[in-house]
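Input: a single structure, listed below in structure tokens.
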Amino acid sequence: MTDRFALNEGTPFTNNGCPTALGPYCGGTWRGIMDNLDYIQGMNFDAIWMSPVVAQLPQLTEDGKSYAGYWQQNLYDINSNYGSADDLHALIDAIHDRGMFFMMDVVVNHMAFAGHTIDYTVLNPFNDEKYYHSYCEMDYSGSNLTSLEECWLGSWFVPLADLKTELPEVQDMFGEWITGMVANYSVDGLRIDAGANVEPGFFTKFVGSAGVFATAEVYLSDDTTACEWQETVGSIINYPLYWPLTSGFQQDGNFSELAAMMESQKSSCKDTTVLGTFSENHDVPRFANHTSDLSLAKNVAAFILMSDGIPIMYQGQEQHLAGGTVPFTNREPLWETGLDIFAPLYQQTANLNTLRKHVIETSPTFTTIQSNVTYQQDDCMVLRRGAEGAQIISIFTNGGEDAASSDLQLSASDHGYPSGTNLTEVLTCACYVVDGNGQLTVHMEGGAPKVLYPSASLSNSSLCNMGGAKFSNNLSQTMTSTTITTTIGGTPTATVAVATMPVYASQTLEATSPTASSLALQTVADTKFVVSAFAIALALSSGIAGLFLGS
């Protein structure tokens, strides 16, 4: 979320923290994001999904202010709370200069107004009541599609007037607008808010007018219904997987529902490899709101990066933030964490994103191959993904930090490698060998996930002292280290954390002429964002990973 990611460099913050539960603007800006791109790229994310940029409802309401960016009133102006047009262009230029992608959040479902008697003339371009459905109360069950698509979101204080997106005139107006936005701001991809509240047929023309990759928020648990939107958008945020994912990675959970949903989506969805995989965002409680167990958080974060789809990480997940949604304490200012590059989840994310990018570069079909669950118990799941001979073996557990140490024995059908193969566990750099009987024995400790890859194939990956550069876009890099004390098996243990960070020439805020993005639609589609949600950042599944800067 732009407003909660970073302040302008040198800006004092003297308000004793931001009262996020009250819904104010906290002061994050586009310039703040630009000044901290090293932090995002240090985790090897390649794409940033950012809060909507258009002008918002200006009033302070009983629901707070429009800091999230989803209370739009004027599509042809920008939200000056985040900065100037020059600031926005400079940020996008800096993102592209680093070889990263810019993903813009857009709203096509509604316009916002403060008060229940709406003055439609202040809304641009949809400035007449004829463009809107008559008010009806939303049925949030998910089973009434007519209600989802025609009734109003929002509240009594801030009603979100539902647009008649089925009207050709409304479709034309949106098509003209998005064509201009993509060209003027060099947009590489779209995240579409409230996609489930718009009939799927609308998106064929809208996404065609944009001409870039798009993914839609389809807040539904049924995968068969949700994936109807993939047919016209191309991708959806994978909510059907979200609920079994977050429940499975609890100490009292099991992986049966998660494995079943993964299998079901292979037939119900057009392509699972382009669905947005996540465990946190600005609309759901953070994972640490359910459990403070860091090992469980590590497992969830590893699953997001190693399973099918486009990985999405919400800003603050890498710092193990724990906010909930009632009120929205999950929208904490990230700057209050100090942007700690030695945080355990930051370090793990950086390593797994680096592995992901290396595998994609050396095995280009990786992102188009669906994963398989090859071993499953209530407390353990093994996922195998990739081309034959270049498969990542990921082991996940929900045992938690206090889980007893044990040896997991995997057969050849579980891991897929011949006897004598040397595998490296990339998070600890421990080495394993497939024995003469084809068995792989992996030591599990402290409830941590394990991610294994052939040792010989890690050459030039920068991982586990195998040489090579961490960043693939010719950025120079610097290494720094610190000593961290963690508890392993109940015993305090000192470890040295090393962070490799990009070194990039500082950008100025001088205005540059906006040009159409040089990144073609097919390039983006083939790469498949890995999204990170810092402002929200996003990662393309081609190996790109990003952070979410959203509402």
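Note that the structure is a prediction, hence the values are computed from the model and not measured. These values consider heavy atoms only, across backbone and side chains, with no hydrogens, waters or symmetry-generated copies.
- In summary, the side chains of Ser371 and Asp308 do present a donor paired with an acceptor at a separation below 3.5 Å, with no hydrogens or angles considered.
- Partners of Asp293 under the side-chain contact (heavy atoms from CB on, under 4.5 Å) rule, at least two apart in sequence or in another chain, are Gln251, Thr291, Ser295, Leu296, Glu401.
- Scanning for side-chain hydrogen bond (donor to acceptor under 3.5 Å, both in side chains) contacts around Ser279 gives Gln317, with sequence neighbours left out.
- Annotation: ring pair (Phe, Tyr, Trp, His ring centres under 6.0 Å) contacts of Tyr25 (sequence neighbours excluded): none.
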>> Assess the residue pair Val106 and Asp193 against the criterion (side chain to side chain contact (heavy atoms under 4.5 Å, CB included)); give the C-alpha distance rounded to whole Å, side-chain angles, the decisive distance to 0.1 Å, and a yes or no.
In response: CA-CA 6 Å; Val106 297; Asp193 181 64; over 6 Å; no
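- Residues satisfying the side-chain hydrogen bond (donor to acceptor under 3.5 Å, both in side chains) test with Gln72, not counting sequence neighbours, are none.
- A donor and an acceptor atom, one from each side chain of Asn8 and Thr29, are located under 3.5 Å apart.
- Ring centroids of Tyr39 and Tyr346 are separated by less than 6.0 Å, placing the two rings close together.
- Side-chain atoms of Gln265 and Thr272 form no donor-acceptor pair, as typed in the model, at a separation below 3.5 Å.
- The six-membered or imidazole ring of Phe102 lies away from that of Trp30, with a centre-to-centre distance of 6.0 Å or more.
- Here salt bridge (charged side-chain N to carboxylate O under 4.0 Å, His left out) pairs that include residues 222-238, with residues two or more places apart or in two chains, number zero.
- With sequence neighbours left out, the side-chain contact (heavy atoms from CB on, under 4.5 Å) criterion links Val498 to Met479, Ser481, Val496.
- Under the rule for a salt bridge (Lys or Arg N to Asp or Glu O under 4.0 Å), the partners of Glu332 that lie at least two apart in sequence or sit in another chain are Arg286.
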>> Let's go through Phe101 and Phe213 carefully: what are the C-alpha distance in whole Å and the side-chain angles of both, what is the deciding distance for ring pair (Phe, Tyr, Trp, His ring centres under 6.0 Å) to 0.1 Å, and is it a yes or a no?
In response: CA-CA 11 Å; Phe101 297 92; Phe213 170 86; 9.7 Å; no
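- Asp63 pairs by the salt bridge (Lys or Arg N to Asp or Glu O under 4.0 Å) definition with nothing, not counting sequence neighbours.
- Side-chain atoms of Tyr239 and Asp283 form no donor-acceptor pair, as typed in the model, at a separation below 3.5 Å.
- Judged as a salt bridge (Lys or Arg N to Asp or Glu O under 4.0 Å), and not counting sequence neighbours, the contacts of Lys266 are Glu263.
- Phe249 has its ring centre less than 6.0 Å from the ring centre of Phe255.
- For the side-chain contact (heavy atoms from CB on, under 4.5 Å) test, residues two or more places apart in sequence or in another chain that qualify with Ala6 are Asn36.
- Taking the ring centroids of Tyr314 and Phe278, they lie at or beyond the 6.0 Å cut-off.
- By the salt bridge (Lys or Arg N to Asp or Glu O under 4.0 Å) test, Asp162 is found to be paired with no residue, residues two or more places apart in sequence or in another chain being considered.
- Here Thr354 pairs with Asn44, Ser462, Leu463, Lys470 under the side-chain contact (heavy atoms from CB on, under 4.5 Å) rule; sequence neighbours left out.
- If you check the side chains of Asp188 and His96, you find a donor sitting under 3.5 Å from an acceptor.
- Using cut-offs of 30° and 60° on the angle between ring planes, the pair Phe202 and Phe206 is parallel.
- One side chain, Thr215 or Ser235, offers a donor N or O that lies under 3.5 Å from an acceptor on the other.
- Counted within 6.0 Å of CD on Glu257, heavy atoms from surrounding residues, nucleotides or ligands total 12 or fewer; the atom is thus considered open.
- Applying side-chain contact (heavy atoms from CB on, under 4.5 Å) to Leu190 and the options Val108, Asp105, Ile178 leaves one that passes, Ile178.
- For the 3.5 Å distance criterion, the side chains of Arg331 and Tyr67 qualify, holding a donor opposite an acceptor.
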> When you look at Trp177 and Val54, which way does the side chain to side chain contact (heavy atoms under 4.5 Å, CB included) test go after all the steps?
Replying inline: CA-CA 11 Å; Trp177 170 72; Val54 300; 3.9 Å; yes
